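Computed from heavy atoms alone, side chains included, the values below leave out hydrogens, waters and symmetry copies. Please read these numbers as outputs of a predicted model, since none were measured by experiment. Residue numbers run from 1 in the order of the sequence given. Ligands are counted one by one from 1 in listed order, and the atoms in each one are counted from 1 as well.
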Amino acid sequence: MGQFPLTLSRFITQSQATHPGGTGEFSSLLAQIGLVGKLIAQDLRRAGLISILGTTGEINVQGEPVKKLDEIANEIFLKVFRHGGLVCALASEEMEKPVLLPENWPQAKYLLLFDPLDGSSNTDCNMPLGAIFSVVMAPRKDRMPTEDDLVRKGTEQVAAGYLLYGSSTMLVYTVGQGAHGFTLEPEIGEYLLSHEQLHIPARGKVYGVNEGNYHKWATGTKKYVDYLKFQDKATGRPYSGRYSGCLVADVHRILLGGGLYLYPGEMDRPDGKLRLLYEANPLAWVVEQAGGRASTGTMRILDVEAKNLHQRVPLIIGSANDVRDAEKFIQGICEP
Ligand code: AFP
């Protein structure tokens, strides 16, 4: 009989055993993320049948219409972590202000930032969706964390990753020892190790970007995307365009097969659309841990100074050599 695949909790326990001082708390924290994933996936599977598609009529802090499923997913994160006892403050892309959990303090030492439902325009058409999470430590033991304590640089993350709701549900995470992927086995309700030590190829043949925004891009970005489409067998061009409207799904494809995803700055939106704390930082860390690169076009994402909870940032992420090429075009160092 073949070897039975490792479950998420067993994999984390084994990894922790190699780290003196490991308390087992990460194992519980990631198990709670896994539980969130199961609960949200369950709702998504039946969404068309139980009147939870469409919008709530509200506009969120990002100025976007709130989908019913955005709200449901956000509530699931809050419920699971409020009762989980490991987190004492949470911030979400969907909420203007963080939720502080004094009832979990001082024993809870983690702070959680999350995008509860990434790609929510995909909800009504049965396309992939995701969730993204980032964990940092509460900086002080002598007082409850404040909003400012959640606003941290990407290099300060202690765990990060995403849930992908596609043809299967996956959890991909890093705690700084590589990036690993688990697939939910629905029959037994367990996440099983399916992608150990992910490694992104140094170069790919796929690019993902919303080209409808082409006219708003800076010249360097336009030149780079034109370059990707230009035929040149020696450098493997043209690249194939793949864009789902769900960052998690697009980055996951690139993590497995190489290439790059871009959400660049635009004329009227120089920092682009994506959020530093809920989207760019956690995905940047996962991709770097898999050997890739994540950049604003001019600097490493993980080194960007975080100034506020809902800060936006241009994101170019994927295979190291592809991202380097994009940086050269954006910085005007390279011409086609
Ligand atoms: P939501 O998380 O608000 O649904 O936004 C999705 C997203 O942040 C990311 O998942 C997509 O790649 C990107 O926005 C799509 O944006 P455009 O519709 O502007 O291409």
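Distances from atom 18 (O) of ligand 1 to the heavy atoms of E93, R275, K273 show the closest one on K273. When G119, C246, G245, S121 are ranked by how near their heavy atoms come to atom 1 (P) of ligand 1, first place goes to G119. Of the candidates K67, E64, E94, E64 brings a heavy atom nearest to atom 3 (O) of ligand 1.
Residue contact check: L274 has heavy atoms under 4.0 Å from atoms 8 (O) of ligand 1. Those atoms of ligand 1 that come under 4.0 Å of a heavy atom in Y243, given as number and element, are 12 (O), 13 (C), 15 (C), 16 (O), 17 (P), 20 (O). Against a heavy-atom cut-off of under 4.0 Å, N210 is close to the following atoms of ligand 1: 17 (P), 19 (O), 20 (O). Shown in contact with E279 at under 4.0 Å from a heavy atom are these atoms of ligand 1, numbered in order with element: 8 (O). Taking every non-hydrogen atom of L117 and a distance limit under 4.0 Å, the qualifying atoms of ligand 1 come out as 2 (O). Of all the atoms in ligand 1, the ones that sit under 4.0 Å from a non-hydrogen atom of Y261 are 11 (C), 12 (O). Of all the atoms in ligand 1, the ones that sit under 4.0 Å from a non-hydrogen atom of D115 are 2 (O). Set against the non-hydrogen atoms of L247, the atoms of ligand 1 under 4.0 Å away are 9 (C), 10 (O), 11 (C), 12 (O).
None of Y224, Y207, Y239 except one satisfies the side chain to side chain donor-acceptor pair (under 3.5 Å) rule with D322; the exception is Y239. With Q311 as the partner, the side-chain contact (heavy atoms from CB on, under 4.5 Å) test is satisfied by one option alone out of L309, V313, N308: N308.
Judged purely by distance below 3.5 Å, without hydrogens or angles, the side chains of Y214 and D226 pair a donor atom with an acceptor atom.
Taking a cutoff of 4.0 Å between a charged side-chain nitrogen and a carboxylate oxygen, R203 and D325 qualify as a salt bridge.
In terms of polar-atom proximity, N213 is not counted as a contact of ligand 1, lacking any N or O under 3.5 Å from an N or O of the ligand.
Residue, atom and distance of the protein heavy atom nearest to atom 4 (O) of ligand 1 are S120 N, 2.6 Å. Y263 OH, 2.6 Å is the protein heavy atom nearest to atom 19 (O) of ligand 1. Among all non-hydrogen protein atoms, the one lying nearest atom 10 (O) of ligand 1 is D118 OD1, 2.6 Å.
One finds the NZ atom of K97 at 4.0 Å from the CD atom of E147 (value rounded to the nearest 0.5 Å).
A centroid separation of less than 6.0 Å is found between the aromatic rings of Y110 and F26. Outside the 6.0 Å centre-distance limit, the rings of Y191 and F182 are not counted as a close aromatic pair. The aromatic ring centres of F77 and F114 sit less than 6.0 Å apart.
Looking at N60, its side chain never comes within 3.5 Å of a backbone N or O of V66 through a donor-acceptor pair.
Using cut-offs of 30° and 60° on the angle between ring planes, the pair Y278 and H310 is tilted.
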